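Quick caveat, the model's predicted, so the values are computed rather than measured. Lettering follows sequence order; numbering is per chain, from 1.
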2 protein chains.
Amino acid sequence: MIRPDINQLGAMPPFCRLDLRQLREILALSDSRHLTGGATVFDEGQPVRRFHLLMSGNIRLVRVTAEGDQIILLHIQAGQVFGIGAALGQETYHASAIAAGDCRVLSWPNALWPGFSSAYDGFAVETFRAFGARADEMSNRIVELSTQLVEQRIACALLRMIGQSGRKVAGGIEIGFPITRQNIADMTGTTLHTVSRVLSLWERDGVVKSTRCLVIVTDPHRLVVMSGAGLGTDADDPIIQAKAQALYATAAASAARKASSSSAYSAQASITV
Amino acid sequence: MIRPDINQLGAMPPFCRLDLRQLREILALSDSRHLTGGATVFDEGQPVRRFHLLMSGNIRLVRVTAEGDQIILLHIQAGQVFGIGAALGQETYHASAIAAGDCRVLSWPNALWPGFSSAYDGFAVETFRAFGARADEMSNRIVELSTQLVEQRIACALLRMIGQSGRKVAGGIEIGFPITRQNIADMTGTTLHTVSRVLSLWERDGVVKSTRCLVIVTDPHRLVVMSGAGLGTDADDPIIQAKAQALYATAAASAARKASSSSAYSAQASITV
DNA sequence: CAGCGTCGTTGTGCTGGCTCAACCTCTGGA
DNA sequence: TCCAGAGGTTGAGCCAGCACAACGACGCTG
């Protein structure tokens, strides 16, 4: 069980420049946990004692308001570090981390953070970059929430998710983790009812296909148009990139994907292959 | 002109652990600019060539949609590093930086970033922390936009601003930089009309007092109640902290503030004193 | 001091999407 | 085989806040 772990760990962005000895060292210091869907890695408000790396699966970072509204801030993909209050100077977690489907998570005590940053080449830089990407995603969310209609925001959320962990399946691109209507509502600041209505409409129009806890985008292009992103937003927007990848994947690439059917679509995730 | 600069630079969080020789070194490599209100430091989409430090004044990070809507993502205070695509692995700026009032900005070429991070004690750590605080602020914004009514969001925005750069004045706390109704609308995802109505109402009720481009909060406590934050949100929320500071500042502290009447309210800003 | 541009106020009508409500359809457990 | 509970669909009514509109006030420039 150790051998595959080492290989997997060495493929993760923060650790990809390390040698076998270092990886073994890191793994020996880590604590490993399996989680099933809905389980929490940590809760908002808890003291920050460890930092975490997602080995497989998907994690939602969630906040809950006093009124009980749940908001999904971000999705974490395999290979990403999360819960790093250690680096951010935060005493308590500012969001909860909840497994979306089955996950495997490694974690280390806070005290190791400075050592990791200084001793392991590329760790600090990669973490900073990942963080930049998250800040970007959040700023996109703010822009969407401030200016777009519900329908557009839902389109953006779907595009973002297929960009981050979409899987090619017969007839479209499937979101790579279980997701309910309520979840989509929690991402877009709307209600489960409205999401349901919109998805029903889109299904009628052949843009998506969805069953319980599963969404398949059958016409990503139309979704991009509806998202309002096609009208001049910066072209290096992750959403647009996702779209480009989804639409214009070469035959070779899609063949390769058939070979390992669970491989993810996005550039980040494909590093984990 | 160099001497005060060195002292000022040495008081900024990212550089506060450095000695005189290092500060001189850093200053010699820097480019300095004065900006008047409305001037831009950099524009969204431009290639990232330099990173920046705000010496005095306030900067808005702004994004503009294809439809022409402006969204204010964040306010940068004196002592903060910004425009750090160098660290985040971004080729172009993902937002524009616009001066809110008069500003002084130092900047350095990207190529110096790795050297700063490794050579200057505390620089990387402080930058990471500042970034964590910004991520936090953005996540708060997302929660607000997703769940709160316009009136509550405006209250939150005002509280955030007095927390970050409020100044004690006769009869209340004044926001430390010029701000229009339209600006507040750009922060809260609403329209100038709605902001105007809400502020008029609050002025009638004695919660705020405002003139052209200036807002004074006369009853922060009532504003906190209206913001909806008092109902159980995490107590270490920056908004609540700001409120606590604003409301329960000791007589000693407020005396000290009278002495240097332009000193800012927040913990971060007060480091710059 | 006239003219103009920026900023602010206030009134009116309309609508996107939320709330409330009822019902359907899976899935897993006993 | 039946039941409970989670997830999903759809209808009806209502209202917060947006769009449109018109006007007032301040401050700069020539």
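You'll find the side chain of His75(A) stays beyond 4.5 Å of the side chain of Ser165(A), heavy atoms only. Between Ile76(A) and His52(A), the closest side-chain pair of non-hydrogen atoms is not below 4.5 Å. Proximity of Pro220(A) to Ile173(A): side-chain heavy atoms (C-beta onward) are separated by under 4.5 Å at one or more points. Annotation: side chain of Val169(A) is not in contact with side chain of Lys209(A) (no heavy-atom distance under 4.5 Å).
Atom-to-atom, CD of Glu67(A) to C1' of dC18(C) comes out at 16 Å; the value is rounded to the nearest Å. We find that CG of Leu149(B) is positioned 11 Å from P of dC18(D), with the value rounded to whole Å. Separating the CG atom of Leu214(A) from the P atom of dT27(C) is a distance of 12 Å, rounded to the nearest angstrom. One interatomic measurement links the two molecules: CG of Leu145(A) to P of dC18(C), which rounds to 11 Å at whole-angstrom precision. What separates CD of Gln152(A) from C1' of dG17(C) is a distance of 14 Å, to the nearest Å. The separation between Ile184(B) atom CD1 and dG8(C) atom P is 8 Å, rounded to whole Å. Counting to the nearest Å, the P atom of dA16(D) and the CD1 atom of Ile154(B) are 15 Å from each other. We find that CG of Asn183(A) is positioned 14 Å from P of dA6(D), with the value rounded to whole Å.
For the atom pair CD1 of Ile72(B) and CG of Asp186(B), the computed distance is 5.0 Å after rounding to the nearest 0.5 Å. Here CD1 of Ile175(B) is found 5.0 Å from CG of Leu158(B). Values are rounded to the nearest 0.5 Å.
Among the nucleotides dC18(D), dC7(C), dT25(C), the one closest to the side chain of Cys213(B) is dC7(C).
Not a single donor-acceptor pair, N or O on each side, falls under 3.5 Å between the base of dT9(C) and the side chain of Arg181(B).
Ion pair Arg153(A)/Glu144(A) not flagged as a salt bridge, since none of the NZ, NE, NH1 or NH2 atoms sits closer than 4.0 Å to an Asp/Glu carboxylate oxygen.
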Can you give me the N/O atom pairs linking the protein to nucleotides 10-14 of chain D at distances under 3.5 Å, or say none if there are none?
unit_1	atom_1	unit_2	atom_2	d
dT10(D)	OP2	Ser200(A)	OG	3.1
dT10(D)	O4	His193(A)	ND1	3.1
dG11(D)	N7	Arg197(A)	NH1	2.9
dG11(D)	O6	Arg197(A)	NH2	3.2

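Mapped onto DNA chain C by nearest heavy atom, Arg153(A) and Arg212(A) fall at different nucleotides, with Arg153(A) at the one closer to the 5' end.
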